[in-house]
Structures are given as structure tokens and as C-alpha cells.
Amino acid sequence: MAITTEELRKLTKELLENTDELVISYPKNPDDFLQILVGICRKNKFTLEAIDYLSNDILYGNNALAIMRSMLEDVIMVEYMIVKGKTQMALKFKEHLDKQIKIIKEFEEELLKDSDEVDLKKLEADFQEVEEEVSNEVKKKNRRHSWIGKSVEEVIDELHELGVLKDFDFRRITMFYTLGSWKNHLNPYDVVTTYLDSERQTTNSEHSLKQALMFGIIS
């Protein structure tokens, strides 16, 4: 018999309770990768708590599935870092932080200026400088990518090609990611079958909630 939503909610609450100490604690003398892993673990603890909170109302199931996608992306990226070399990838991850801080700092400085003082030419030059840091391949595809320089879809495909993700896992992770993406981007399935049909809204929302809880537990 298929697992019920209430059973998944109970498992989620138990997982959250049993991992409190693990998330709060901090390892002694962690290397760069372990530091990043601790941060990701704490980040996803909050995400799972948000999913648990949303699970109090079935109609928030679609919202739970939307934020579940961020957990999936984190899990995929951790697997990729391990495969490609934890030390090297952790360094690349931290180096990207410097770029982000620079972009945010300059943007905040511009916000403090009066509109008449904003140097549009400088803003354009800054944008060009950041854009040049992106690989030629990414620029051709005209997509914004993460610190790794690849989309999540590309990372999933590569992990599958390397044999890290077996066919069974690959199919399910791809579907989880697709369902989560649908909740983050406008698409006919959600608009027509969920929000224009009140009778099906509860059913679809509960299905989404089950998917979010299930991945939250296994990740």
C-alpha cells in the first residue's frame, strides 16, 4: 500500500527532531569541503522545516514542492563536488563568494546614490566585466549559471554519464527536479489543472506535498 501524506509528515517531524544536534554541532578542524557541507546541511534543515510547516495545509503542497527543488539542487551539487575532487571544488566554491560579495557591494553603493548620480556607463562596464567571467559556452546559451559554471540539468546528466547516478536514481531525480521547476515557472499544467479547477486543486496539492516530503526525507 502506498505511503500516506500523514505518514510522510510524521517521518519528516521525526527526522527534524533527530537531526537537531547534528546540525547544531560543528566538527573540529574542518577542511574547506566539510565547512561547506555543514553550511549546506544547516540550510536544508531550515528548508525542510519550511516544508513541514507548509504541510499543515494541503493547499500549500505546491509551494512546498517549489522550495523542495533547492534541496535537490544542493544534493546534486554535493555529489558533483565529491566526484570532481572535494578540495578543488570547495576552493572554487569559496572563490566564487568573492565575486558575489563584490557584485552585491557595488550594487548597494549604487542604491545609496541619487538617481541623477548613477553612472550608467559605469554600470554597463561593470556588467560587461562580470559577463566576461562566464565561459564562452554559457554566454552562447544565454543562461545564468551557478558557481560551478553549469546548469543543474547539466550536472545531473554528467553524474549519470559517470555512473554516479544509476538509471533508477537518474529518472527519479530528473522527475523531482522537473516537478519542482514547474512550481517555480509559469506553466499550463499548474495554471489549468491546479488553479482553475477547484475540485482538483486539493488532489494536486496533496500530490505535490507528498513529493516534497518524500524527497526532503531521503535527501
With side chain to side chain donor-acceptor pair (under 3.5 Å) as the test, would you mind laying out the steps for D52 and T12 before giving the verdict?
-> CA-CA 7 Å; D52 177 55; T12 300; 5.7 Å; no
Keeping the roles fixed (side chain from D31, backbone from L34), state whether a donor-acceptor pair exists under 3.5 Å.
-> yes
Report yes or no: does E17 contribute a side-chain atom to a donor-acceptor pair with the main-chain N or O of E14 at less than 3.5 Å?
-> no
Residue pair I3, L11: steps toward the side chain to side chain contact (heavy atoms under 4.5 Å, CB included) verdict = CA-CA 11 Å; I3 190 168; L11 288 172; 4.0 Å; yes
Are side-chain heavy atoms of Q100 and H96 found at a separation under 4.5 Å?
-> yes
Would you kindly confirm whether L91 and I36 end up in one hydrophobic cluster when ILVMFWY residues are joined by side chain heavy atoms under 4.5 Å apart?
-> no
Kindly say whether L15 contributes a backbone atom to a donor-acceptor pair with the side chain of N18 at under 3.5 angstrom?
-> no
Give the intermediate values and the outcome of side chain to side chain contact (heavy atoms under 4.5 Å, CB included) for residues M68 and L213.
-> CA-CA 8 Å; M68 175 279 298; L213 290 169; over 6 Å; no
Using the rule that two of Ile, Leu, Val, Met, Phe, Trp, Tyr join whenever any of their side-chain heavy atoms come within less than 4.5 Å, decide whether F93 and I82 are in one cluster.
-> yes
Can you name the one residue among M77, K94, M81 that meets side-chain contact (heavy atoms from CB on, under 4.5 Å) with M89?
-> M81
Test log, rule salt bridge (charged side-chain N to carboxylate O under 4.0 Å, His left out), inputs R9 and E6 | CA-CA 5 Å; R9 290 188 65 202; E6 284 306 312; 3.4 Å; yes
About how many Å separate NZ of K166 and CG of L159, when rounded to the nearest 0.5 Å?
-> 11.5 Å
Crowded around Q88 CD? As in, over 12 foreign heavy atoms under 6.0 Å?
-> no
Return yes if some donor-acceptor pair links the side-chain N/O of S70 with the main-chain N/O of I67 below 3.5 Å, else return no.
-> yes
Answer with yes or no whether the hydrophobic clustering places V38 together with Y80; edges join I, L, V, M, F, W, Y residues whose side-chain heavy atoms lie under 4.5 Å apart.
-> no
E79 and K84: salt bridge (charged side-chain N to carboxylate O under 4.0 Å, His left out), yes or no, with the steps?
-> CA-CA 9 Å; E79 286 289 345; K84 292 296 183 178; over 6 Å; no
If you count the non-hydrogen atoms of other residues, nucleotides and ligands that lie under 6.0 Å from NZ in K13, is the total more than 12?
-> yes
Rounded to the nearest 0.5 Å, how far does OG of S208 lie from CG of N62?
-> 4.0 Å
Carefully, step by step, assess E206 and K210 under the rule salt bridge (charged side-chain N to carboxylate O under 4.0 Å, His left out).
-> CA-CA 6 Å; E206 182 172 9; K210 289 179 72 174; over 6 Å; no
Residue pair T202 / I58: nearest heavy atoms and the distance that separates them = O-CG2, 3.5 Å
Check whether the side chains of D167 and H160 place a donor and an acceptor atom closer than 3.5 Å, and report yes or no.
-> yes
Verify the neighbour count for atom CD of E21: are there more than 12 heavy atoms of other residues, nucleotides or ligands below 6.0 Å?
-> no
Between F170 and R172, is there a cation-pi geometry (under 6.0 Å to ring centre, at most 45° from the normal)?
-> no
Find the distance between CZ (R69) and OH (Y177) and round it off to the nearest 0.5 Å.
-> 4.0 Å
Mind checking whether L162 and V155 sit in one hydrophobic cluster, side chains of I, L, V, M, F, W, Y counted as touching below 4.5 Å?
-> yes
Decide whether F46 and M71 are clustered together by the hydrophobic rule: side chain heavy atoms of Ile, Leu, Val, Met, Phe, Trp, Tyr closer than 4.5 Å, transitively.
-> no
Could you give the distance from CD1 (I51) to CG (L65), rounded to the nearest 0.5 Å?
-> 8.5 Å
Verify side chain to side chain contact (heavy atoms under 4.5 Å, CB included) between D74 and K43, making sure each step is shown before the conclusion.
-> CA-CA 9 Å; D74 290 348; K43 172 179 177 284; 2.6 Å; yes
Distance in Å, S181 OG paired with L72 CG, rounded so as to fall on 0.5 Å steps | 8.5 Å
Going from CE on M214 to CD1 on I218, what distance comes out if it is rounded to the nearest 0.5 angstrom?
-> 7.5 Å
Report the C-alpha separation of K45 and D20 in whole Å, then their side-chain angles, then the decisive distance to 0.1 Å, and conclude whether the side chain to side chain contact (heavy atoms under 4.5 Å, CB included) test is met.
-> CA-CA 9 Å; K45 178 76 181 302; D20 276 340; 2.4 Å; yes
